[in-house]
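Worksheet for the structure shown next.
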Amino acid sequence: MTKRKPIVAGNWKMFMGPEAGVELSNRLVHTYKSIAPLDVVICPPFVSMTEVGRVIEGTGICLGSQNIFWESNEGAYTGEVSAQMLSGWCDYVIVGHSERRHNFNETDAIVNKKVQAGLHYGINVIICVGESFAENSAGNTKDVVERQVRAAYRGVGHQEALQTVVAYEPIWAIGTGQASTPTVANKVCAEYVRGTLDNMYGHEVSSSVRIQYGGSINSKNILDFIEQSDIDGALIGGASLSAEDFSDILNSVGRHYLSD
Ligand code: PEP
């Protein structure tokens, strides 16, 4: 079986302006001591990225953006930030988060344009997919997740696909304290996400792309998820706003990787 390097990302959402962001990232840098090969990403709001980027420079912690615009360089797009502007100092971008799909009407087609824009400028893209409570209750998880994966990767080549990470985030589990069941989440990641990538790209790509679980992860439940065969890390909202909680999660993932 391919051993994939775990990846844990913290999505700060619309929290942590520049001052608070510097304080949190400083605490994280002092609290988290890497014990294993593990990709760690923090995604502050745009206004805090420069300052936070300075704090984490040279620490091995990567900077990510929570959003990107699909026009990849410059133009008259008030309020937007392009892939070109983010390239060079931003390693990752989150695309297709359910809060953007639902609050800002981001369709599968828009998600695809953003994925392509990020990849074009060499930014690693974390692609979020996941079903709503109603879709889950109606037994439509497979259809929804497979459709979202297929749409996000439309027109993306094999090499570029290797620069992506998929975050499976059931919407009903985000910020609710009600995480999915690890074995159920693993089935979605293995069959609906990795299986679809396998159909689209074949084994080399599908076995290399890392898949995160996201939705009410904390330091107590992370191990149950990371132990699963097809879950390679986590996308974390609430618990990433505490340096101590986030470090505990990172250390659990690191220890698991070493013992595996
Ligand atoms: C998220 O926002 O992607 C998320 C998973 O949030 P939380 O960890 O708070 O559920």
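Heavy-atom basis, side chains included; hydrogens, waters and symmetry copies ignored. Read the numbers this way: they start at 1 and go in the same order the structure lists the ligands and their atoms.
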Close approach of A239 to ligand 1, heavy atoms, under 4.0 angstrom: no
Donor-acceptor under 3.5 Å (R100 side chain, N105 main chain): no
Heavy atom of the protein closest to atom 3 (O) of ligand 1 (residue, atom name, distance): E169 OE2, 2.7 Å
Distance-only polar pair, side chains of Q148 and Y192, donor-acceptor under 3.5 Å: no
Enumerated ligand 1 atoms positioned under 4.0 Å from heavy atoms of I174: 1 (C), 2 (O), 4 (C), 6 (O), 10 (O)
Best match, G237, G175, S240: closest heavy atom to atom 10 (O) of ligand 1: G175
Non-hydrogen side-chain atoms of H203 and D198 separated by less than 4.5 Å: yes
Where ligand 1 meets G215 - atom numbers and elements under 4.0 angstrom, heavy-atom basis: 5 (C), 10 (O)
Contact atoms of ligand 1, heavy-atom distance to K13 under 4.0 Å: 1 (C), 2 (O), 6 (O)
Atoms in ligand 1 with a heavy atom of G238 nearer than 4.0 Å: 7 (P), 8 (O), 9 (O)
Parallel, tilted or perpendicular: ring planes of H158 versus Y201, cut at 30 and 60 degrees: perpendicular
Derivation of the side chain to side chain contact (heavy atoms under 4.5 Å, CB included) call for K3 and Y257: CA-CA 9 Å; K3 189 160 179 167; Y257 183 87; 3.3 Å; yes
Polar atom proximity, S216 to ligand 1 (N or O, under 3.5 Å): yes
For atom 1 (C) of ligand 1, closest protein heavy-atom neighbour: H97 NE2, 3.3 Å
Part of N11 within contact of ligand 1 (heavy atoms, under 4.0 Å): side chain
No-hydrogen, no-angle side-chain donor-acceptor test under 3.5 Å, W172 and E131: yes
Student check: side-chain heavy atoms of H97 and I174 closer than 4.5 Å: yes
